[in-house]
There are 2 protein chains.
Amino acid sequence: MKEPNSPDSPLADLCRQRGLKLTGQRRTIAFVLSDSDDHPDVEELYRRAVEVDPRISIATVYRTVRLFEENGILQRRDFGGGRARYEVADGDHGDHYHLIDADTGKVIEFENAELDALLDGIVRQMGYDLVTTRLSVVGRRKAKPRSRG
Amino acid sequence: MKEPNSPDSPLADLCRQRGLKLTGQRRTIAFVLSDSDDHPDVEELYRRAVEVDPRISIATVYRTVRLFEENGILQRRDFGGGRARYEVADGDHGDHYHLIDADTGKVIEFENAELDALLDGIVRQMGYDLVTTRLSVVGRRKAKPRSRG
DNA sequence: TCTGATAATGAGAAAGATTATCATTTGCAA
DNA sequence: TTGCAAATGATAATCTTTCTCATTATCAGA
Ligand SMILES: [Mn+2]
Ligand SMILES: [Mn+2]
Ligand SMILES: [Zn+2]
Ligand SMILES: [Zn+2]
């Protein structure tokens, strides 16, 4: 266990702000999420949550990520592989996209205002308002160009 | 049944070109795919295939779309909803993206060379070669601007 | 602080999509 | 035409996620 009854995590506070009942399990999951800067799936969140409070159930993790997503606290991501992955919907962090390393699976985040604007313009021109952009690119690390000789 | 023992469909020919054994089931599924211009899931492909040859099995449809995808004949798409959807990997048709109508679920294809180039440049600048772009946007039809009066 | 209504939880069943198994059939090269 | 490797059909198994329902916990109000 780490950081037991400390002041609530940012996400736990958000939880309360949204008028959601703040149970022990939700406090734990909120803490784990606030503490993560990657894109864990539910199994991984469960593992991390159990470290904090061993009597949490995976059913509750599923329920909680769904609840948090519905309340705009979490964002669900799909990087292929059949499982949903989650990250905090951070207003500061801003919208971002993901590059997945084809060989290692590593996820690299990036932002690009030109891309934002281009997508928005394309969709608008088609007569729609953009609601969601689902974008991830898979790439393979370029071989370092060798100095010839 | 429609179009029984006619000349093979373009996809069936492709199948043969790749050295894949051309079974009756594969011929049927290839025909159904060539005949489709939308993004059917496996269940839908199965329904369409059964119209042509009633003794086809859904297991074979699953196997065949996987085989065709592995051989670059089909492209798998994910528009959410938990099922894979497929379309012919058409060289002529070119790479394209998908706009999903948030209210109706309708899928609208679009191409955009600027988007192609921008994504390629972004990925390259991060030190990667672009392998796959997974992009779909969800949009909501704009209300027609009313002439005020 | 105590109580009760209500909502959340845990454990496991169920659902839904996809893949694996295995006995039988089929395509196709010789 | 034959033989064999590969494909098929039927169905079991797998995997992720949701549902069910009896039990427990939260929290507003007394
Ligand atoms: Mn994982
Ligand atoms: Mn369907
Ligand atoms: Zn991210
Ligand atoms: Zn398409």
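In what follows, chains carry the letters A, B, and so on, assigned in the order in which the sequence lines appear, proteins first and then strands, with residues in each chain numbered from 1.
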I want to check one thing: is the phosphate of [N], taken as OP1 and OP2, less than 4.0 Å away from some side-chain N or O of [X]?
X: A/T23; N: C/dT9; result: yes
X: A/Y62; N: D/dT17; result: yes
X: A/Q25; N: C/dG10; result: yes
X: B/T60; N: D/dG9; result: yes
X: A/R55; N: C/dG10; result: no

| Residue pair A/R77 / A/Q75, side-chain donor-acceptor N/O under 3.5 Å |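 The answer is yes; a qualifying pair exists.
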| query | Across the strands shown, which category fits A/I56 at heavy-atom distances under 4.0 angstrom: base, sugar-phosphate, nothing? | reply |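 Sugar-phosphate contact only.
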Candidates [options] - which lies nearest the side chain of [X]:
X: B/R66; options: D/dC19, C/dA20, C/dG27; value: C/dA20
X: B/A59; options: D/dA10, D/dC27, D/dT17; value: D/dA10
X: A/L22; options: C/dT9, D/dG9, D/dC27; value: D/dC27

| said: Need to verify one output field. Residue with the more 5' nearest nucleotide on DNA chain C, B/K21 or B/G82? | reply: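 Result of the comparison: B/G82.
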Atom-pair distance ([atom1] on [X]; [atom2] on [N]), nearest Å:
X: A/L67; N: C/dA7; atom1: CG; atom2: P; value: 13 Å
X: B/D53; N: C/dT26; atom1: CG; atom2: C1'; value: 13 Å
X: B/E70; N: C/dT19; atom1: CD; atom2: C1'; value: 12 Å
X: B/R76; N: C/dT18; atom1: CZ; atom2: P; value: 8 Å
X: B/E43; N: C/dT19; atom1: CD; atom2: P; value: 14 Å
X: A/R18; N: D/dT26; atom1: CZ; atom2: P; value: 22 Å
X: A/D41; N: D/dT17; atom1: CG; atom2: P; value: 8 Å
X: A/I58; N: D/dC19; atom1: CD1; atom2: C1'; value: 15 Å

| message | If you compare all heavy atoms of A/A89 against all heavy atoms of A/G72, which two are closest, and at what distance to 0.1 Å? | response |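 Shortest heavy-atom separation between A/A89 and A/G72 comes out as CB-O, 3.5 Å.
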| query | Would you say the ring centroid of A/H39 lies under 6.0 angstrom from that of A/F79? | reply |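 So the answer is yes for these two rings.
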| field | Ring-ring centroid check A/H96 A/F110, cutoff 6.0 Å | value |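 Not under 6.0 Å, so no.
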| task | Check whether the side chain of A/R63 and the base of C/dG10 form a donor-acceptor pair under 3.5 Å. | result |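 Indeed there is one.
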| query | Does a sphere of radius 6.0 Å around CZ in A/R18 hold more than 12 heavy atoms from other residues, nucleotides or ligands, not counting ones at 6.0 Å or beyond? | reply |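 Atom CZ in A/R18 is crowded, with more than 12 foreign heavy atoms closer than 6.0 Å.
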